[in-house]
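Since the structure is predicted, the reported quantities are computational estimates derived from the model, not experimental observations.
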Number of protein chains: 2
Amino acid sequence: MCPAPLHETVPATTPAASLVFTTVLSHGPLTRAEVARRTSLSPAAVTKAVRPLMEGGYLVEDLDEGARPAIGRPANLVRVDGGRALFIGVKVTGDEIIGVLTDLCCRIRVARHMPLTGREPAVVLPALIAMVQELLVEADGFGVRVCGLGIAVSGDVDRLDGVVRYSPFLDWRDVPLADVAGTATGLPVTVDNDVRALTVAEQWFGAGVGLSDFALVTVGAGIGCGLVVHGRVVSGAHGVAGEIGHLSIDPLGPRCHCGNQGCVEGIASDPAILREVRAATGRPLASVAEALELARGGDPSAREVYARAGEAIGRAIGSVVNVLGPERVIISGEGLAAYDLFAEDIRTAFVRSAFGTAARCDLMTRPLPFEEWARGAAATAIQSFIGPHTYQD
Amino acid sequence: MCPAPLHETVPATTPAASLVFTTVLSHGPLTRAEVARRTSLSPAAVTKAVRPLMEGGYLVEDLDEGARPAIGRPANLVRVDGGRALFIGVKVTGDEIIGVLTDLCCRIRVARHMPLTGREPAVVLPALIAMVQELLVEADGFGVRVCGLGIAVSGDVDRLDGVVRYSPFLDWRDVPLADVAGTATGLPVTVDNDVRALTVAEQWFGAGVGLSDFALVTVGAGIGCGLVVHGRVVSGAHGVAGEIGHLSIDPLGPRCHCGNQGCVEGIASDPAILREVRAATGRPLASVAEALELARGGDPSAREVYARAGEAIGRAIGSVVNVLGPERVIISGEGLAAYDLFAEDIRTAFVRSAFGTAARCDLMTRPLPFEEWARGAAATAIQSFIGPHTYQD
DNA sequence: TTTTTTCATTGACAGCGGAAAAGAACACCC
DNA sequence: GGGTGTTCTTTTCCGCTGTCAATGAAAAAA
């Protein structure tokens, strides 16, 4: 848990206030009447919830009296004042740390990248703290207090305790990140798995707004998946969920380090694609970008590799959709750079493997640059700043 | 929705009362103090919630003052009086209707089977209503009012409207079951998918009690899966979820009627096993029971078919566990009759395909005879009788 | 200008659940 | 056998929350 923040009290104290606040936060400027309808609270309750939030400066009257009804008294729009509070989000990757300073609406104000010389905690933690310090200095320039720090790390993360249980990618075990970062910076800290953090950002501020069931699939160095069911991000009973990277797609496919054969990640991740294109063309390619170039140039065997990757991704999505029946699947990640190459294959494989009404699911892509991952971390900080009563829908 | 029941008011009106009631219902006789601890309500709130429920006769003081503390005042146990209300659960299969009369604790008091001469609504609906009437007569013998009727049907069921959208097995489309049964019997009716209904029963009264994330996998004529995430049964955005029967396990496997290849259902369902054993042995087997007998007798090709089925089931479970990270998977269904033949294969394939901590998931079997499916339907009726505030955990 | 419609606010009020204290029922200890 | 301590249960009181009903406000329509 975050060390009790002396910094600032939570804006929303009662369930109703949280509900109102998160509704306005996600659904843009709204009239009070509209908030009442969406939350099924009484208009009176909305008024009473809004007042203290306005006095605290978290909500402001929006002067654009945009949507006035055809008849009757015009409505006053209410929106969240993003500038009221700042947050820092940090994403740790294998070779760099990405940090962003966002406002309360999770808009990025400053973004920073910092290369890493190693992956071990002894290297990463000081760099991370230095990054936060830098961003705190930046924040001074805005004259607004930083109210939370969110950190996103790949792997098995216990977000209640703020401990990285095991990150295969970083080779970390039981690193008490929240404690370390909290004592070093004095900020309330949230630590979460990177894909879950990105999912939170999409749920509150992105393509998942208003949806109670959706999935976010990330394609890149690995294949990940964040899930929202019943309006809540899924963590699983043991803190791990959405591990679609090791769904076995093809029992005869390449052997994966996880011990299985034909995992999605062994077919469609960047390293796998690079390996396969190398093997298929015999060329000593240096990076997946070159493989991509080759395929774009029309090389048939490279294209074939991408087609297989697309099919694997499509089938993995089909599995998720069959199991959970989400309303939407958002495809994202660096791997999207090659989207034009396998979009067709993804969709075809998805439609074929999705059973029945599952095909009603809306499949969309969303290019999320690396800073977005750090923004996801900030979103988790915002979420915990607002409080425990974070009902969606 | 159920037509407003003149029959009986809902026992629990406030959220706290519901919480107390469902806690006592699922976790057997409890002391008030224990209820307070589990629900994190104050002891005073528990007392105040219990009183009206006792006056209504739903809760009773349990005279076995079993667990008294080592020191201090002995506690009074409180439990649900099952005899206070009766419910009817009906499951419709292809060739028969199974009906049960249960008490408020979902214990079966009477079970009835009724063969069907056809599957079309014109045949099934009158038979279903006749079955309910019979059970209502039985209920008179107990001198207790029947407070709800639950109906379970396989396929795509809209449980809010009580309409069977599409049941491939019965070849039904848009059958307004709740309306028909409600007007014919005068009972409040709930209609739900059969696997979901069974999942509800397990969640409240079975192997899922106290778990916020688990899966129920049914193996038999088809392969189904019910999911509980965050303490709630998953229905998906469009009312369909848990369709693991058409996860594609083997791209080169037998073609399935769904258009895909190598579906679990095409490998491990009873019809698939029968087909494969026939093909492998060349014998004209009449039923899956004979195939089972052959395999039990040691026929190597029959055993091979079962081994493949087990592997498919294990891998499907592995997929679910990778995606959702449940605490437990309950394997059930008629197909369990052959469990000794493929238990090992299921477990091996599961462990191999479950990634990382997913293997921490507890895999168990539970023989649920056909009456249990009807009991599941009754469980949905009980759930809706108790009211909308049915928090689990 | 009056009416109608919708939005927003106010004040009264019911009720829920918590805190604290009292009471109850036992074991233990001298 | 009477304190003492412990735990369970109930009672009383009280704050707080959100609804209800009524009122006021601001515009379009009549």
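- Thr31(B) is not listed as a side-chain neighbour of Asn76(B), based on a closest heavy-atom distance of 4.5 Å or more.
- Taking atom CG of residue Leu41(B) and atom P of nucleotide dA19(C), one finds them 11 Å apart after rounding to whole Å.
- With rounding to whole Å, Leu59(A) atom CG is found 13 Å from dA8(C) atom P.
- Residue Gly72(B) is the one, among Ala16(A) and Gly72(B), whose nearest nucleotide of DNA chain D lies closer to the 5' end (criterion: closest heavy atom).
- Arg375(A) has its side chain out of reach of Arg107(A): every pair of non-hydrogen atoms, C-beta onward, lies at least 4.5 Å apart.
- Taking CZ of Phe21(B) as the reference point, atom OG1 of Thr39(B) lies at 14.5 Å (rounded to 0.5 Å).
- Phosphate proximity of dC7(C) to Arg37(A): present, with a side-chain N or O under 4.0 Å from OP1 or OP2.
- Rounded to whole Å, atom P of dT9(D) lies 10 Å from atom CE of Met54(B).
- Under 4.0 angstrom from either OP1 or OP2 of dT9(C) there lies at least one side-chain N or O belonging to Thr47(A).
- Proximity of Ser42(B) to the phosphate of dA19(C): no side-chain N or O atom is located under 4.0 Å from OP1 or OP2.
- Here the C1' atom of nucleotide dC16(C) and the CG atom of Leu53(B) are 15 Å apart, to the nearest Å.
- Here the P atom of nucleotide dC16(C) and the CG atom of Leu19(B) are 15 Å apart, to the nearest Å.
- Taking the nucleotide of DNA chain C with the nearest heavy atom to each of Ile71(A) and Arg32(A), the more 5' of the two is matched to Ile71(A).
- Considering only side-chain atoms of Arg73(A), the nucleotide from dA20(C), dC7(C), dA25(C) that sits closest is dC7(C).
- A cation-pi arrangement is absent between Arg328(B) and Phe214(B) under the rule of less than 6.0 angstrom and at most 45 degrees off the ring axis.
- Nucleic acid contact for Ala33(A): sugar-phosphate only, since backbone atoms but no base atoms lie under 4.0 Å from a heavy atom of the residue.
- For the atom pair CZ (Arg38(A)) and OG (Ser26(A)), the distance works out to 10.0 Å, reported to the nearest 0.5 Å.
- Between the side chain of Lys48(B) and the base of dT11(D), no donor-acceptor pair under 3.5 Å is found.
- The residue Ala44(A) sits close to a base: some heavy atom pair falls under 4.0 Å.
- One can place CG of Leu30(B) at 19 Å from P of dT7(D), the figure rounded to the nearest angstrom.
- Taking only side-chain nitrogens and oxygens, Arg51(B) never comes nearer than 4.0 Å to OP1 or OP2 of dT9(D).
- Residue Thr14(B) places its side chain closer to dG17(C) than to any other of dG17(C), dT7(D), dA8(C).
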